[in-house]
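Structure first, commentary second.
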Amino acid sequence: KNEVEQSPQNLTAQEGEFITINCSYSVGISALHWLQQHPGGGIVSLFMLSSGKKKHGRLIATINIQEKHSSLHITASHPRDSAVYICAVNSGAGSYQLTFGKGTKLSVIP
Amino acid sequence: NAGVMQNPRHLVRRRGQEARLRCSPMKGHSHVYWYRQLPEEGLKFMVYLQKENIIDESGMPKERFSAEFPKEGPSILRIQQVVRGDSAAYFCASSPRPGDTDTQYFGPGTRLTVL
């Protein structure tokens with residue numbers, strides 16, 4: 001069973017700061033997902049990656065398969081980035097089940 | 001292309017009643033997943049369905065919970081004789097291919113409150 005750990009649990013940043021959220025998992029995976037859960041509760045899929053790095057706007061996701069670690073970076077943070085960021089993994093080929101971290105609550109202050 | 005639709009968005013039931021949660025996947029998606037988010041806890045997998053088939057229900061409680069995804073119409077998550085511990089947010093997600101090869105798109109969730 002894969003264990004997914006995120007850090008930090010809570011993060012407060014000033015507008016404009018560079019933000020990093022970390023995710024570690026215990027067992028080999030086929031893919032890792034970063035999700036954003038808005039204050040209203042809706043969930044948006046940000047990235048799905050199995051190697052390397054992906055970028056979308058001000059968001060960058062990286063993964064190191066050997067170290068079983070992924071990071072989500074937000075450049076030039078803005079108050080509208082305030083949300084819970086969730087890491088989830090597919091554990092192995094053919095595994096469609098997602099195992100989720102508990103999330104990182106980000107608050108960006110103007 | 002509308003996203004994943006869930007209804008109702010909020011559902012209040014008294015202990016012992018039945019709750020029916022509906023999920024309409026994105027157009028062209030034949031894979032549906034249900035997840036539960038208990039208060040102050042992370043999301044947990046419940047069940048994975050394809051049209052007319054339950055593929056994996058290993059995350060679903062053995063009693064009172066059932067799911068279906070008929071040939072026509074939405075996927076239904078049914079909870080019989082609800083108890084207070086069933087109060088949670090229930091999210092549905094869909095994908096065009098199995099989730100380990102494709103992004104899952106989430107619905108807005110149904111928040112169930114059991115009085």
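Order of the sequence lines fixes the chain letters, A, B, ..., with proteins taken first and strands second; residue numbering starts at 1 for each chain.
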Contacts with chain A made by residues 42-61 of chain B (heavy-atom distance under 4.5 Å), listed by residue number
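Residues of residues 42-61 of chain B touching chain A at under 4.5 Å: Gly42(B), Leu43(B), Lys44(B), Phe45(B), Tyr48(B), Ile55(B), Asp56(B), Ser58(B).
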Same cluster or not: are [X] and [Y] linked, directly or through other Ile, Leu, Val, Met, Phe, Trp or Tyr residues, by side-chain heavy atoms under 4.5 angstrom apart?
X        : Y         : answer
Leu32(A) : Ile65(A)  : yes
Ile74(A) : Leu11(A)  : yes
Tyr35(B) : Leu112(B) : no
Val32(B) : Tyr90(B)  : yes

At a heavy-atom distance under 4.5 Å, which candidate from Val4(A), Leu98(A), Ile86(A), Val89(A) has the highest pair count against chain B?
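Maximum pair count with chain B is reached by Leu98(A).
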Would you say CZ of Arg15(B) has more than 12 non-hydrogen atoms from neighbouring residues, nucleotides or ligands within 6.0 angstrom?
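Incorrect, the count does not exceed 12.
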Show me the donor-acceptor pairs, under 3.5 Å and distance only, between side chains in residues 43-53 of chain A and residues at least two apart or in other chains.
none

Heavy-atom distances under 4.5 Å only: say whether Gln37(B) touches chain A with side chain, backbone, both or neither.
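Side chain only.
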Which residues share a side-chain contact (heavy atoms from CB on, under 4.5 Å) with Ser87(B), sequence neighbours left out:
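Scan of Ser87(B) (side-chain contact (heavy atoms from CB on, under 4.5 Å), adjacent residues dropped) gives Val114(B).
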Show the atom names and distances, to 0.1 Å, of all donor-acceptor pairs under 3.5 Å that link a side chain in residues 102-110 of chain A to residues at least two apart or in another chain.
from: Thr104(A); atom 1: OG1; to: Gln6(A); atom 2: NE2; distance (Å): 3.3
from: Thr104(A); atom 1: OG1; to: Pro8(A); atom 2: O; distance (Å): 2.6

Please report the interatomic distance CD(Gln104(B)) to CG(Asn90(A)), rounded to the nearest 0.5 Å.
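Here the interatomic distance stands at 7.0 Å.
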Apply side-chain contact (heavy atoms from CB on, under 4.5 Å) to residues Phe91(B) and Gln37(A) and explain how you reach the verdict.
CA-CA 12 Å; Phe91(B) 290 92; Gln37(A) 186 167 26; 3.5 Å; yes
